[in-house]
Protein chains: 2
Amino acid sequence: MATQRDVARAAGVSLAVVSAVVNGTSHTRMRESTRTRVLRAMQQLGYQPNHAARSLRLNQTGMIAMILNKLDNPVYGPLRQGVYEAAAEHGATVLLGDAETMRSGSQFLTRLLSQGTVDGILVRGEGLLDDDVMAELHSHPKPILILEHAPDHPWIDIDDRRAGEIATRFLVNLRHRHIVFVGGSGYISQQRYLGYQQAMDSAGLAPAPHLATGFGEQAGADGLRQAMQAATAPTAIVVNNIMSAVGVLAAAHDLGIAIPDQLSVVGIHDVDLMQHLRPAVTAVRMPMYQLGWAGVEALYDLIAGRSGTGGLITDPEPELVIRDSATALNPAGAENLVRPATSLTTEIRARPQP
Amino acid sequence: MATQRDVARAAGVSLAVVSAVVNGTSHTRMRESTRTRVLRAMQQLGYQPNHAARSLRLNQTGMIAMILNKLDNPVYGPLRQGVYEAAAEHGATVLLGDAETMRSGSQFLTRLLSQGTVDGILVRGEGLLDDDVMAELHSHPKPILILEHAPDHPWIDIDDRRAGEIATRFLVNLRHRHIVFVGGSGYISQQRYLGYQQAMDSAGLAPAPHLATGFGEQAGADGLRQAMQAATAPTAIVVNNIMSAVGVLAAAHDLGIAIPDQLSVVGIHDVDLMQHLRPAVTAVRMPMYQLGWAGVEALYDLIAGRSGTGGLITDPEPELVIRDSATALNPAGAENLVRPATSLTTEIRARPQP
DNA sequence: CTACGTTGAATTAACGATACGTCACCGAAG
DNA sequence: CTTCGGTGACGTATCGTTAATTCAACGTAG
């Protein structure tokens, strides 16, 4: 690898000039002819600045890390996109990490945090990062921005409460009275439940308790099963986690519940997959791309010493994408939903889950 | 941030001793008491080695990059896991990149490739990396290992041909005669088609042409639609890309085709999602975890100057996970359908995912 | 009693890039 | 003929680590 020294020799100038050409420094001036001579030499030698040396000298790396809870959750696609694009704007490279990589003793965390490998960190842990990790995160000098509500740290988030409200109100408007919320754990689903509660309240309906079964497909299936065991079976369901919606559909199929005829389903977070399920799932699209972009901007504010620009992203608002999994309830139709408890248990036994 | 110099001053020793303590160098010897004194000083000051300085000095970073075609494709979950674990074994950190980040002009590629940000690169582009990117990849000095078949570079891959063969033979054993292959583009699906072809040939059946519709849910839907337009409609289908299977299910639903009663479906690559679809999808599980692990090992061979250890991963073999999307065809007619009996096949039954 | 090996540690030269301070040169103004 | 300001470029300290080299002190063997 050619170094600046090599380039300098080849161009017949000093190191300083090469550096100035590379960085466009105004401090060191030079003739245009000198500049092109250096440029040519750089090209001929295939010169590439050494990242380590640069980082050492400048005490910044041009890299930021983003740590996500489940990297292959499709809701993160647009988030990543937003982060990448905003980072590119700052000339930065993004180092992606999965929270599962961050178990104690992992090189990843330590290296990131304390060794100055990155200039700052974005974290979206979905409330699942354990206290050890959070403590380690906060014990180090580099700026951290949390991409969800955080009590005493800079944060920025999407409006999860509003999403829960939108999903619920949509079902209320479809004349559903017995709407249940299948949630996960942590602050995020708590917020969505709050929105659900609010929509129910303002419609004069009694909110059902938060069925917190966790994340992912299995959680959705469990949630639906629990919901159907209530005294009055729900006619509609708001699913906190979008991947849980897949589980809700599967469990409904297994229990012989037709969607949307017997049960309407609305998910929170919209992903491509939803339009390819049958029935295609009605979902609330969240501004994840904007979250990513805004997150990077806020992080760079932090890096620059400015603080502040955080809070909820309100533009665009969460947006309902109507597909086929929710339908209007005929006000007279509540009675002709057949769901005898005995047959339900039989069905459950027929298909034990792994 | 405390430096080695600070530690040295605090412990009353020289820089060299601190460095020796940090690295456990045998070259510089010291009294045990000195060692502990240095260790205590390090703790008190919260010393953390500076990554940039270290990289500069050693000319290696302890980071490797892995570039994947679609980061949120769930088939990559186990791959990442394998890579992370093997990398941890080498004390390395993994920098994850999506191929979409690598469009021309991206900081990511350049920084990675030429500026010595990483010690080596793993790439799985699913044949979708364009020539520019590949050219740029190969024009730089750091070792690259391709996680798929590559003509003139170190590579390591899973046995895609065998996967196509296993999927097809399973359907042949279920007495299907009209089996069609819905594929994607590129070498990987080509290999799977070859396996399909081989299984068809050895069963004395005529292979259908490769329906290459691409990747993802939509591709599956398109593929099925094309397949159903043939003179004789297929009774079974092998789906190249696992996410395409979702689209196949959706399209079948839309076309009023019952799965598995009217059409049997087997996917290649098994992911959690498959067991949560209805019907749950029978799929060939590929050793992605092993691919990741072996990839890192081979990459470190390359870094160490050793070359060789590449080729197909044959242990474990691709393995069929039987679920509900494929059923036996009665030779007397499509009306008498029988669920697959264990005696009918030599394949294994579904096992829980690790 | 001296030469020598061993132990325990200090000095110091890179690694590559950056930016501050310096300086030679030249034309023009005083 | 100086002095001055501007231009164009050079030297070099510095970032934090590592490892080769050097070195002082101390036993011990001859």
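These numbers come from a predicted model, not from an experiment. What you see below is based on every heavy atom in this structure, not just the backbone, and it leaves out hydrogens, waters and symmetry mates.
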Let me know the distance between [atom1] of [X] and [atom2] of [N], rounded to the nearest Å.
X	N	atom1	atom2	result
A:R5	C:dA14	CZ	C1'	10 Å
A:Q4	C:dC15	CD	P	14 Å
A:D6	C:dC15	CG	P	11 Å
A:R9	D:dC10	CZ	P	14 Å
A:Q60	D:dT14	CD	C1'	16 Å
A:M42	C:dA17	CE	P	11 Å
B:N59	D:dA19	CG	P	12 Å
B:R54	D:dC15	CZ	C1'	16 Å

Touch class at under 4.0 angstrom, heavy-atom based, for [X] against every strand present:
X	value
A:T28	base
A:T34	sugar-phosphate
A:S19	base
A:N23	sugar-phosphate

Quiz item: Taking OP1 and OP2 of D:dA9, is either one under 4.0 Å from a side-chain nitrogen or oxygen of A:R31?
Solution: yes
Applied to residues 41-82 of chain A, the ring-ring contact (aromatic ring centres under 6.0 Å, His included) test, sequence neighbours excluded, yields none
With a cut-off of 3.5 Å and sequence neighbours excluded, list every side-chain donor-acceptor pair involving residues 10-22 of chain A.
| unit_1 | atom_1 | unit_2 | atom_2 | d |
| --- | --- | --- | --- | --- |
| A:S14 | OG | A:A16 | N | 3.3 |
| A:S19 | OG | A:N23 | ND2 | 3.2 |

Tested for side-chain contact (heavy atoms from CB on, under 4.5 Å) against B:L96, the lone hit among A:L95, A:L96, A:V94 is A:L96
Checking salt bridge (charged side-chain N to carboxylate O under 4.0 Å, His left out) for the pair B:D98/A:R80: CA distance, chi angles, key distance, verdict? CA-CA 10 Å; B:D98 193 301; A:R80 279 192 287 117; 3.3 Å; yes
So, with a heavy-atom separation below 4.0 Å from DNA chain C, the residues of residues 10-18 of chain B are B:G12, B:V13, B:S14, B:A16, B:V17
Residues passing the side chain to side chain contact (heavy atoms under 4.5 Å, CB included) test with B:E85, sequence neighbours excluded, are B:Q81, B:Y289, B:W293
Nucleotide of [options] approaching [X] most closely (side-chain heavy atoms):
X	options	answer
A:L56	D:dC15, D:dG8, C:dA19	D:dC15
B:A53	D:dG16, D:dA9, C:dA9	D:dG16
A:M30	D:dA9, D:dT17, C:dA9	D:dA9

The salt bridge (Lys or Arg N to Asp or Glu O under 4.0 Å) partners of A:D159 (sequence neighbours excluded) come to none
Here the salt bridge (charged side-chain N to carboxylate O under 4.0 Å, His left out) pairs for residues 10-20 of chain A, sequence neighbours left out, are none
By nearest-heavy-atom nucleotide on DNA chain C, the more 5' of A:A52 and B:R35 is B:R35
